[in-house]
Amino acid sequence: MPRRTAVAADSGGQRAPEQDPAPGGGPGIAATPAGDPLLAAKFEIPPAPRTLVRRRRLADRLDGCAGAPLTLVTGPAGAGKTTLVATWAATASSPGPVVWLTTEQEENGPGPFWAYVIGAFRHCGVPLPDVPPPATGDGVGHATLVRLAWALTRLPRPVVLVLDGLEQLTDRRITDGLDFVLGHAAGRLRLVVTSRVEPLLPLHRYRTQGLIEEIRGADLAFTGVEARRLLERHGLKPSEQSTTALVERTQGWAAGLRLCALAMRRSDDPEGFARSFAASRQAVADYLLAEVLRAHPAPTQELLLRTSILDRITPSLADELTGRSDASRILTSLAHANSLVEPTRDGLGYDCHPLFAAVLRAHLRIRHPGLEPELHRRAARWYAEHGGSTRALRHAGAAGDWGHAAGLVVDRLAVGRLLTGGNDDRLVRLFDAMPDEFPAPAAALVAAACSLARHDRPGCRARLARAQALFDAAADPPSAAARAEHALLRLLSGDAAQTPETSAARTSGLLDRVPAHLLAEHPEAESLRLLGLAVRLLGEDRTDEAEAAFRDAAASCTAPVTDGLRRECLARLALTESLRGDLRRAEEHALRANAADGAHRTPARRGAAALAMAVLATERADFADARRHLHPACEEEAVRLDPCLAAESAVVRSRLGLHDGSPQQALAVLDAATGDGRAGPSLERYPRRTLERLAIARSAAHLARCDHEQALSALDVAEPSDGAVAVALARAHCAAGDPARARRLLAAAGRHGTGPAGHVRSRLVLARAALLAGDRAAADGWVAQALETARPELLRLPFVEEGPWLRRLLERRTDLARSHGWLSPERDGTDGAGSVPAPAEPLTGRERDVLRCASRMLSTAEIADELGLSANTVKTHLRSIFRKLSVSRRGEAVRRAVRLGVL
Amino acid sequence: MRYEFRVTGRLSPAVAESFPELEPVPAGEETVLTGSVTDEAHLYGLLNRFQDLGLQLLELRRLHG
């Protein structure tokens, strides 16, 4: 599996046998949700430096923290946080097993973070039965955390989890999850955190409740005695006076003292050095590092400066950067002398303290202006050759070597990752700095994908054309992956030069030629192809085929990486079903699109889901609900820049305008949306059916202000695509007092629009026509039919839209009104959040867990299984939820909870 | 927005060069760096860079006018 070797080299060359991903873990835990193997190196307690000074006073405090669930070790870079906790953890005077996790920015998302935490527990042999690896791409189901906390409570003795370098993780969802697990592990979890900054945990609460022990920067500072021991460990015999001076000058800062030791050892006159340092006014690290550097021979200085761009030094890469072949010897002797670099635990590479590396880079820039990009370029090539794709990309970007960086993505069929959102947004961000016109075909292809990720379809097409031209001009033919990705992006960008089928089939044919292992690694390519086909079909008004295609696409999204795509497919399905009046199905799909929440916050995929809820609510005449969902949907570029979605959001807003009693406002919204038949800023043409939807909404707005002329002319559509326009026209004619014409129109249209919506609306027109012709009985019959069709779907909008005639008819036929109580929504439809009664008693966390499961349509037994509860307990929770939300059924509970924002 | 940062110690040209957007002025045992800061992201980025280079921040203030 190439991916594995890729990351293997990431951790510094060939992987040692004990470095195999997730040793001791089951197969299910061997990867993060994004599919990257877990790096076992992160689970290793960092080795103590040979010059370590044991500081009892601090180790004792760590021991003494046994009672507190949280121990926080904070201090600036180089204060000795990691060393302190690592030596304490390694001596295992802690009350239970110590689980170590070195956190890095790559885990800055709940998915990868919890995958690593669970991996770390397994790595240390802590039994966590029934804790599954996180299942969703970017997020972690609450259930996983519940199970983790529960599993921890079952441990015979407390376990210590060390999270080293938590400042790297700024995602609040991670700290929220940590807080939850810590609070629910019944004292079986002790968390030890090292961080440069205070983590986002509610520290105030921990402090007031006495749940936290803190070791701060001032505690970490070396005392005179400790500093003296440190210097002695470096083979120095400092005088009392210089030790005091050094401690004072460095304020006991560990990294500073260590640099002092290195400089003094290289100096002919250590005491003199201490004196001049104490007298100097330079910044500590700056001064000392320059001194230490100066004390080394030129080749060593060069090596240190040039490798400062790396986060991990391996001898062969160092040779690549220096153009020499002595890196192995120099690094060995540097490490042997404990000078600036430390060998990594696997013995294959060396680490330079990040603080030292930062200062060394500053010196590199002065000594060799302009060399840094060249070094990054060489590092990128080296990593690419040695299979370290992530690092290769990072260095290629830093070098401005965009052709290479883009090639790394394109030739590995990873372009789709730019579009799946979630975690992989960082890929898009990596290419933010790439100049738009970078003259490489792969770069143009990546730029096209980035445009698409920003919903700029015309921009994507322009860049695809550029990519094609560059491919044609290039000496080498493009790779199979590049050709397939080009075709895929063409399909997704809605290139009208090809029919949807041709475009999709072409992409499929080209994907077939891509090596199988790449296809297996990138399931999103096929899902994107199916989604692309469906969106294209929708754009060509082939609604039924599009619906089937969305269904296929949703079914193909089984991998975590395609979570966001599935969300979009379900939302689009819900939208088409809503427009047809199939509201029960629409509701199921919309809820599923909005479920698994807290997971994907990718704008691209959430907007459509929110809009689907808004459209559904509108069709049910639940305007307060529609407004609530519409607001977030309209914020999304994905909605504003997609012709179909933008139009539907305009239609919803126009309906809300009518509901507010302002047809003017409704018309203004529609005018703004329609413009010259192009959708807003993207300047793309609306599909015909979408234009018709806008025309029908416009006609309804004119009818609301009793302007029959305009209501009719708004519907002046050539060759309507289905009966919906005919029904709307008939309605306008009826309103204008021409029932005969209305009836002729309906008869000629034959099919009165598809689905319950068409059926209900046409029956209502027929009813009104019958009334106008004086045939009350016929009118009653048509209305009864319309009500019967609409009832199971709770399709209220067509009835709400009709004028006083319908109200009078229902007042006359009280039997009809009585048997269709559903017609008046539970609430009167007035807006404002105040109209939704908040639950008298808030739901407990566990009740919310149960409800969340219920929203995923799980049965009682499945919920019990998922949450590790008994079926009876689940039933008790459900009863309590029903009581608190004053509902009597699960579906209602879920709906109400979604409305209240509880879910 | 112009900001002023006061850090401990004088800065070598190498370290000063790491903050091309700021003008360093030595002040006794300290250095005052002044310059314009684009936004909050830039500000926090600068604070991180101070930390990365082991510079101790003593004072930070926004200059008006």
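Quick note on labels: first sequence line is chain A, next is B, and so on, each numbered from 1.
- With a 4.5 angstrom heavy-atom cutoff, B/Ser12 touches chain A via backbone and side-chain atoms both.
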Next item on the list: Could you check A/Cys352 against A/Thr307 for side-chain contact (heavy atoms from CB on, under 4.5 Å), going step by step and ending with a plain yes or no?
Entry: CA-CA 9 Å; A/Cys352 180; A/Thr307 54; over 6 Å; no
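- Side-chain atoms of A/Trp253 never come within 3.5 Å of backbone atoms of A/Ala221 as a donor-acceptor pair (strictly under, hydrogens ignored).
- In terms of the side chain to side chain donor-acceptor pair (under 3.5 Å) criterion, residue partners of A/Asp164 (sequence neighbours excluded) are, by chain and number, A/Thr82, A/Thr194.
- Under the side chain to side chain donor-acceptor pair (under 3.5 Å) criterion, A/Asp351 pairs with no residue at all, not counting sequence neighbours.
- A donor-acceptor contact shorter than 3.5 Å is absent between the side chain of B/Arg10 and the backbone of A/Ala283.
- Interface remark: B/Leu55 contributes side-chain atoms only to the contact with chain A (heavy atom separation under 4.5 Å).
- Proximity to chain A is absent for every atom of B/Glu30, based on heavy atoms less than 4.5 angstrom apart.
- Remark: A/Phe273 engages no residue in a ring pair (Phe, Tyr, Trp, His ring centres under 6.0 Å) (not counting sequence neighbours).
- With a threshold of 4.5 angstrom between heavy atoms, B/Gln51 approaches chain A through its backbone and through its side chain.
- Residue A/Glu167: no heavy atom, backbone or side chain, is found under 4.5 Å from chain B.
- Within residues 360-376 of chain A, the residues having any heavy atom closer than 4.5 Å to a heavy atom of chain B are A/Ala362, A/His363, A/Arg365, A/Ile366, listed by residue number.
- For B/Phe19 and B/Phe5, the gap between ring centers reaches or exceeds 6.0 Å.
- Looking only at distances, no side-chain donor or acceptor of A/Lys81 sits under 3.5 Å from a matching main-chain atom of A/Arg216.
- Using a 4.5 Å cut-off between heavy atoms, A/Val284 does not touch chain B at all.
- Formation of a donor-acceptor pair under 3.5 Å by the A/Thr250 side chain with backbone atoms of A/Leu246 is found in this model.
- Looking only at heavy-atom pairs under 4.5 Å with chain A, the residue among B/Gly28, B/Ala14, B/Gly9 that has the most is B/Ala14.
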